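Accompanying notes for the structure given below.
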There are 2 protein chains.
Amino acid sequence: MKPDKISEAVVRRLPVYLRYLNELSSTDILTVSSQELGRKLDLNPAQIRKDLAYFGDFGRKGVGYNVIYLIEKIRQILQLDEPRHVALVGTGNLGRALCNYNMKENVKIVAVFDSDPSKIGTTMNRLIVQPMDELEQTVREKEISIGIITVPASEAQKVADRFVTAGIRGILNFAPTVLRTPDGVRIHHTDFTADLLSLAYYMDSDDET
Amino acid sequence: MKPDKISEAVVRRLPVYLRYLNELSSTDILTVSSQELGRKLDLNPAQIRKDLAYFGDFGRKGVGYNVIYLIEKIRQILQLDEPRHVALVGTGNLGRALCNYNMKENVKIVAVFDSDPSKIGTTMNRLIVQPMDELEQTVREKEISIGIITVPASEAQKVADRFVTAGIRGILNFAPTVLRTPDGVRIHHTDFTADLLSLAYYMDSDDET
DNA sequence: TAGATTGTTAATCGATTAACAATC
DNA sequence: TAGATTGTTAATCGATTAACAATC
């Protein structure tokens, strides 16, 4: 079913397409070309066509892509047509920010955990903070497939290990540290410290293109 | 002074090296090899050596890299040897999380802004939330070179434009939208919606390598 | 039909990895 | 010296872009 071997870069762009298509769908625009998409998203039109063509022939020559249809297709590809349940560990500021974040697409944080006894039992965006002991059982009961880590770097690997034993196969890590997991477990690392520090490199040079 | 044209990928790895080196520096380890770094950071040793060699000969054959010296050098490369001042716009949950975040390296949020009158004048991590009107003047007075955007997507482009006119040349964007800025202004986009949704693609397949 | 735009192949570009001489 | 590890060149790999026939 799933095509050959799609590069990470391609998969990573699909949500970006989806987001803009969702915007379009609330207008009266029915059709969009790769050129328009490219202009709006700052991407090469050929790249967009190629990305989409990996998954099927979604466009019509001379016309472009039907907005509604393409949304549906990208949702299918990303496996977002049925709800995806997420667990979050670490109820600090960042954890709270993410809990309150409206993901729109069918992705929902359905359980939050913390190891700090003083946090357990408090509520966060209508969810009760649970102790780490309950992780495995909750993952099973609520059919959770993705875990988010928003604990300090020193705790992140331990949490990742717990996620893995609980059967989670996808982890979004916000802790500023590299995590190691067995094959078959996928880690995406949102490293905004690195994003920010690397930005500093480009400052004050005045010789940019 | 600055070497040829270093790829973004290389620059983006420097903070990752720096972070682990900082950890090492608080142990009694004085020297580290590219192999050790690679193992710890899940990177190819040759890549690490190549990355560092773009900027100078920091290692000693047969020995490795002196931890303290390499830290100093990477800090210089990233222009972190003198303090870098940052402005943040958008005092929601995410903005607050970032304000409380301890960046360690010489990067400091020194001013926060919001357009919501009910937020202005309140304090966030010892900073008083300022109105957008004061952006230009504050950027000048506090020598701010980097801006962080944590407003809703619908407002993000406007904020970016304000940053640009205020003279800011580096922007870290957390809003889930693509920003357009003139040449010479650098944008790093932390798009965790995309990170999370793209993770879904890889779930439940059971045929991963 | 004429104009527009896809899907796809080929060309280009760039980044990663392997290999090894130099040398500490 | 022998062992280890760098800096760097060459080889490989992969991703982006250009170009164009097919066709709506």
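Proteins come first, then strands; the chains are lettered A, B, ... in the order of their sequence lines, and each starts at number 1. Computed from a prediction, not measured in an experiment: that's the story for all the values here.
In this structure, A:Ile48 atom CD1 and D:dA18 atom P are separated by 13 Å, rounded to whole Å. Atom pair B:Asp57:CG and C:dC24:P shows a separation of 11 Å (rounding to whole Å applied). Following rounding to the nearest Å, B:Gln47 (CD) and C:dA19 (P) show an atom-to-atom distance of 17 Å. Atom CG in B:Leu70 sits roughly 16 Å away from atom P in D:dT5 (whole-Å rounding). Atom P of nucleotide C:dT23 and atom CZ of B:Arg60 are separated by 14 Å, given to the nearest angstrom. Computed from coordinates, the A:Asn66 CG to D:dC24 P distance equals 16 Å when rounded to whole Å. The nearest whole Å value for the distance from the NZ atom in A:Lys50 to the P atom in C:dG7 is 13 Å. Rounded to an integer number of Å, the gap from CG of A:Asp51 to C1' of C:dT6 is 14 Å.
Across residues 11-46 of chain B, B:Arg13, B:Asn44, B:Ala46 each have a non-hydrogen atom less than 4.0 Å from an atom of DNA chain C (numbered order).
For the OP1/OP2 pair of C:dA4 and a distance below 4.0 Å, the side-chain nitrogens and oxygens of A:Tyr65 include no atom meeting the criterion. Look at B:Ser7 and you'll find a side-chain N or O under 4.0 angstrom from OP1 or OP2 of C:dA15. Considering only side-chain N and O atoms, B:Arg49 lies under 4.0 angstrom from the phosphate OP1 or OP2 of D:dT6. Contact between the side-chain N/O atoms of A:Tyr54 and the OP1/OP2 oxygens of D:dA15 is not found at any separation under 4.0 Å.
Donor-acceptor pairing under 3.5 Å is recorded for the side chains of B:Gln130 and B:Thr138. A donor-acceptor pair shorter than 3.5 Å can be found between the side chains of B:Gln157 and B:Asp161.
A donor-acceptor pair is defined here as one N or O able to donate and one able to accept, closer than 3.5 Å; such a pair exists between the side chain of A:Lys142 and the backbone of A:Val110. In this structure a side-chain-to-backbone donor-acceptor pair under 3.5 Å is present from A:Asn125 to A:Cys99.
Set against C:dT16, D:dG7, D:dC24, the side chain of B:Lys61 has D:dG7 as its closest nucleotide.
Between A:Tyr20 and B:Val178 there is no side-chain heavy-atom pair separated by less than 4.5 Å.
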Trace of the side chain to side chain contact (heavy atoms under 4.5 Å, CB included) decision for A:Leu80 with A:Val107: CA-CA 7 Å; A:Leu80 296 170; A:Val107 172; 3.6 Å; yes
Given the rule in the side chain to side chain contact (heavy atoms under 4.5 Å, CB included) test, do A:Glu36 and A:Tyr65 qualify, once you have shown the distances and angles that lead to the verdict? CA-CA 11 Å; A:Glu36 282 159 34; A:Tyr65 300 91; over 6 Å; no
Is there a side chain to side chain contact (heavy atoms under 4.5 Å, CB included) between B:Ile146 and A:Met203? Walk through the geometry before answering. CA-CA 8 Å; B:Ile146 292 177; A:Met203 297 300 94; 4.0 Å; yes
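Stem analysis of DNA chain C (Watson-Crick or G-U pairs, both distances under 3.5 Å, runs of at least three) returns C:3-24 with D:3-24.
One finds a salt bridge joining A:Arg186 and A:Glu8 here, because a Lys/Arg side-chain nitrogen approaches an Asp/Glu carboxylate oxygen to under 4.0 Å.
Of the residues near DNA chain D, A:Ala9 and A:Val63, the one whose nearest nucleotide (by heavy atom distance) lies more toward the 5' end is A:Ala9.
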